[in-house]
Amino acid sequence: MAANSPATTNTAAPSTTVLAMQPAAPRDSLWRRMLGNTGLMTGIVVILVIFVVSYVLPPLLHLDPYAVDPANRLAPPSAEHPFGTDNFGRDLFARIVSGASTSLLVGFVVALVSGVLGAIIGIAAVFNSVLDQVLMRICDGLMAIPAILLAVALTAALGPSVTNLVIALTVVYTPGIARLVRSRALAVTSETFVTASTMQGAGMLHLMWRHVLPNTLSVLVVQSTFTFAESVITEAAMSFLGAGVPAPQASWGNILYDGKSVLMQAPQMILITSGFLIVTVLALNLIGDGLRDLVDQRSRSLVGKPGIFARMAAVVTPGRFRQEVKR
């Protein structure tokens, strides 16, 4: 009777067929996201070009930014002097290229040193209340003074040289980075994984090195890039005022200062030098904005179709990346 039961007759066995599901799309790599950010790649390309021109061309072309030719002063652009000459007969192209190397060196060193010091100060202030009060009050006092005024005062006290200029600019920009790192570190220390690590017996140095520092690097790198751009501008302004790179060493600020008195006779001294300065600072700001988009999830979600660099890479790169660009 159980064999003829309606509940057991003509009943289909459950299917064990595995449904074919489309695999999740792989996560974009950092390189692909960088290529998809047109502003970031444009800034990187421009800075690389300026770096190559300022550090590779002078030894190859035997450019001498200090060679004086008084008989050929304020000459217009020519085949021998592409940008003309200045009021001492020095080749303006060689001077601008040498000034580019000076600006890049000063900006990079200031951004690197102030970033390292700012990270140390900001993280140390989070884990010690006494250091927090002392260091943050010092930072507040330094930030209350205008940047250019503080930098000029420090260089006047230390003496005019590139090394003293780097020290002065580092003192100017370190407090802002320290406060930014401190605010980010405070947010990280309130996260659950830090609390769990503390409950497991992790020490202060372990928390700093393994949890706080890695989670503040993104903010630190972005701010250091903007500090790079600000240092280039401040160095040019201080050299223009006579408190930066000492003459006769080439600097964009020195060239602008020499060109203001001969603006009508040789306007290219002001125009070309200003153009190089504007392009360099704009490229550094594009890099900073692009890095912020890479590390910020909200900015990353606003990125639309791949940019021109991603499409150029898709032409020469077969496979999945080309399909992602088409998508």
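Quick caveat: nothing in here was measured; it's all calculated off a predicted structure.
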Mind checking whether [X] and [Y] have side chains closer than 4.5 Å, heavy atoms only?
X    : Y    : value
D91  : P82  : yes
I255 : L92  : yes
I287 : F228 : no
V106 : V232 : no
D132 : R182 : yes
R184 : V188 : yes
P77  : F83  : no
D289 : F226 : yes

Which heavy atom in [X] sits nearest to a heavy atom in [Y], and how many Å separate them?
X    : Y    : result
A168 : A151 : CB-O, 3.9 Å
L57  : V53  : CB-O, 3.3 Å
A111 : S114 : O-OG, 3.4 Å
R90  : P248 : NH1-CB, 4.1 Å
A94  : L63  : CB-CB, 4.0 Å
L40  : G290 : CB-CA, 3.8 Å

Working to the nearest 0.5 angstrom, can you tell me the gap between [X] [atom1] and [Y] [atom2]?
X    : Y    : atom1 : atom2 : answer
Q265 : R73  : CD    : CZ    : 8.0 Å
N128 : I123 : CG    : CD1   : 14.0 Å
L284 : L104 : CG    : CG    : 7.5 Å
S224 : I177 : OG    : CD1   : 4.5 Å
T38  : L286 : OG1   : CG    : 10.5 Å
D293 : N37  : CG    : CG    : 5.5 Å

Show me the pairs that pass ring-ring contact (aromatic ring centres under 6.0 Å, His included) and involve residues 101-129, at least two apart or across chains.
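Listed once each, the pairs would be none.
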
Output every pair passing side chain to side chain donor-acceptor pair (under 3.5 Å) with a member in [range], not counting sequence neighbours, ordered by first then second residue.
range            : value
residues 45-66   : none
residues 157-175 : S161-N164, Y173-T234
residues 242-252 : E235-S251, S239-S251

If you group Ile, Leu, Val, Met, Phe, Trp and Tyr by side-chain heavy-atom gaps below 4.5 Å, do [X] and [Y] land in one group?
X    : Y    : answer
M143 : L220 : no
V181 : V222 : no
I96  : L74  : yes
V49  : I47  : yes
F193 : L213 : yes

Partner residues of L48 under the side chain to side chain contact (heavy atoms under 4.5 Å, CB included) criterion, sequence neighbours left out:
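Once residues adjacent in sequence are excluded, the partners of L48 under the side chain to side chain contact (heavy atoms under 4.5 Å, CB included) criterion are I44.
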
Can you name the residues that form a side chain to side chain contact (heavy atoms under 4.5 Å, CB included) with L135, not counting sequence neighbours?
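If we apply the side chain to side chain contact (heavy atoms under 4.5 Å, CB included) test to L135, skipping adjacent residues, the hits are I121, L131.
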
Tell me if a side-chain donor or acceptor on [X] pairs with a main-chain N or O of [Y] at a distance below 3.5 Å.
X    : Y    : answer
T102 : A250 : yes
S261 : D258 : yes
T225 : V221 : yes
T189 : L186 : yes

Please test L165 against V245 for side chain to side chain contact (heavy atoms under 4.5 Å, CB included), starting from the C-alpha separation and ending with a verdict.
CA-CA 7 Å; L165 177 61; V245 177; 4.0 Å; yes

For [X], which residues count as a side-chain hydrogen bond (donor to acceptor under 3.5 Å, both in side chains) partner, sequence neighbours excluded?
X    : answer
R179 : D140
N215 : none
N254 : none

Which atom pairs, one a donor and one an acceptor, fall under 3.5 Å between side chains of residues 266-282 and the rest of the protein, sequence neighbours left out?
{"unit_1": "T273", "atom_1": "OG1", "unit_2": "M269", "atom_2": "O", "d": "2.7"}
{"unit_1": "S274", "atom_1": "OG", "unit_2": "I270", "atom_2": "O", "d": "2.7"}
{"unit_1": "T280", "atom_1": "OG1", "unit_2": "F276", "atom_2": "O", "d": "2.8"}

The side-chain contact (heavy atoms from CB on, under 4.5 Å) partner of V113 among V110, V109, V116 is V109

Could you please spell out the steps behind the side chain to side chain contact (heavy atoms under 4.5 Å, CB included) verdict for L142 and V171?
CA-CA 8 Å; L142 292 175; V171 174; 4.3 Å; yes

Just distance, no hydrogens or angles: give the donor-acceptor pairs under 3.5 Å from side chains in residues 200-212, sequence neighbours left out.
{"unit_1": "H211", "atom_1": "NE2", "unit_2": "S197", "atom_2": "OG", "d": "3.3"}

If you count every heavy atom of other residues, nucleotides or ligands that lies below 6.0 Å from Y257 atom OH, does the total exceed 12?
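No.
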
Other than L180, which residues form its hydrophobic cluster under the rule that side-chain heavy atoms must be closer than 4.5 Å?
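Hydrophobic cluster check, L180: joined to V219.
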
